[in-house]
Colleague: 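Okay, handing you the structure first.
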Amino acid sequence: VRCYMFGGYMPENAAIEYEGNIQTGDLLQLKQGMMLVEPNGPVQVLEADNEKGIYEIRYMSSNYIVGVGRMDIEGHWN
C-alpha cells in the first residue's frame with residue numbers, strides 16, 4: 001500500500017515516534033516526506049517539551065521556524 005503525504009512518499013516509519021531525549025540547541029534530522037517544506041539538512045531545536053512531545057525547530061538551510069512532534073523526527077543529526 002502506498003500512501004502519499006504533501007505530494008511525496010510517506011516514509012514507512014511515519015507512525016513511529018522518536019523516543020530519545022531532545023534539548024534546546026540540539027540538531028535533529030526530520031523524516032523525509034513528513035513536512036510540507038523539506039528541511040534539506042539539519043534542523044535546530046529552539047524550544048523543547050519532552051513531556052508533550054512537541055518542539056519548535058528552525059531549518060538551518062532557510063531559517064524557517066515551525067513546530068514538530070516526535071512523529072516527525074528521525075533522530076539526532078550525526
Colleague: Ile16 versus Met71: any side-chain heavy-atom pair under 4.5 Å?
Modeller: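 When only atoms from C-beta onward are counted, Met71 and Ile16 do not touch, as no gap falls below 4.5 Å.
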Colleague: Testing the basics here: between Gln44 and Met60, what is the closest heavy-atom pair and its distance to 0.1 Å?
Modeller: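 Shortest heavy-atom separation between Gln44 and Met60 comes out as CB-SD, 3.7 Å.
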Colleague: Might you point out which heavy atoms bring Asn21 and Gln23 nearest each other, and give the distance in Å?
Modeller: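 For Asn21 versus Gln23, the nearest heavy atoms are ND2-NE2, 2.8 Å.
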Colleague: Measure from the side-chain N and O atoms of Asp49 to the backbone N and O of Lys52, and report whether any donor-acceptor pair falls under 3.5 Å.
Modeller: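 Judged by distance alone, yes, a pair lies under 3.5 Å.
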Colleague: If you measure only the distance, is there a donor-acceptor pair under 3.5 Å linking the side chains of Asn50 and Tyr55?
Modeller: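 Tyr55 and Asn50 do have a side-chain donor-acceptor pair below 3.5 Å.
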Colleague: For Arg70 and Gly53, indicate whether the former's side chain and the latter's backbone hold a donor-acceptor pair under 3.5 Å.
Modeller: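 It does not hold such a pair.
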Colleague: Take His76 and Leu27 through the side chain to side chain contact (heavy atoms under 4.5 Å, CB included) test and state the conclusion after the steps.
Modeller: CA-CA 6 Å; His76 280 83; Leu27 294 179; over 6 Å; no
Colleague: Counting only N and O atoms by type, is there a donor-acceptor contact under 3.5 Å from the side chain of Ser61 to the main-chain atoms of Gly41?
Modeller: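 Not a single qualifying donor-acceptor pair exists.
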Colleague: Heavy atoms only: give me the nearest Lys31-Ile73 pair and the separation to one decimal.
Modeller: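 Heavy atoms of Lys31 and Ile73 come nearest at CE-O, 3.5 Å.
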Colleague: Working to the nearest 0.5 Å, report the span between CD1 of Ile57 and CD1 of Ile22.
Modeller: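 Reported value, rounded in 0.5 Å steps: 10.0 Å.
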Colleague: Tell me the closest heavy-atom pair linking Val37 and Tyr64, and the distance in Å.
Modeller: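 Answer, listing the atom of Val37 first, then Tyr64: CB-CE2, 4.3 Å.
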Colleague: Working note: Thr24 + Leu46, criterion side chain to side chain contact (heavy atoms under 4.5 Å, CB included); need CA distance, chi angles, decisive distance, verdict.
Modeller: CA-CA 5 Å; Thr24 300; Leu46 302 177; 5.8 Å; no
Colleague: With a 4.5 Å heavy-atom cut-off, do Leu28 and Val45 have their side chains touching?
Modeller: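 Touching, per the 4.5 Å side-chain cut-off.
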Colleague: As an exercise, state the distance from CD of Glu38 to CG of Leu36, rounded to the nearest 0.5 Å.
Modeller: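 The distance works out to 9.0 Å.
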Colleague: Identify the heavy atoms of Trp77 and Gln29 that sit nearest to each other, and give their distance.
Modeller: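 Reported closest heavy-atom pair: CE3-CB, 3.8 Å.
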Colleague: Tell me if a side-chain donor or acceptor on Arg58 pairs with a main-chain N or O of Val66 at a distance below 3.5 Å.
Modeller: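 Not confirmed, Arg58 side chain does not pair with Val66 backbone.
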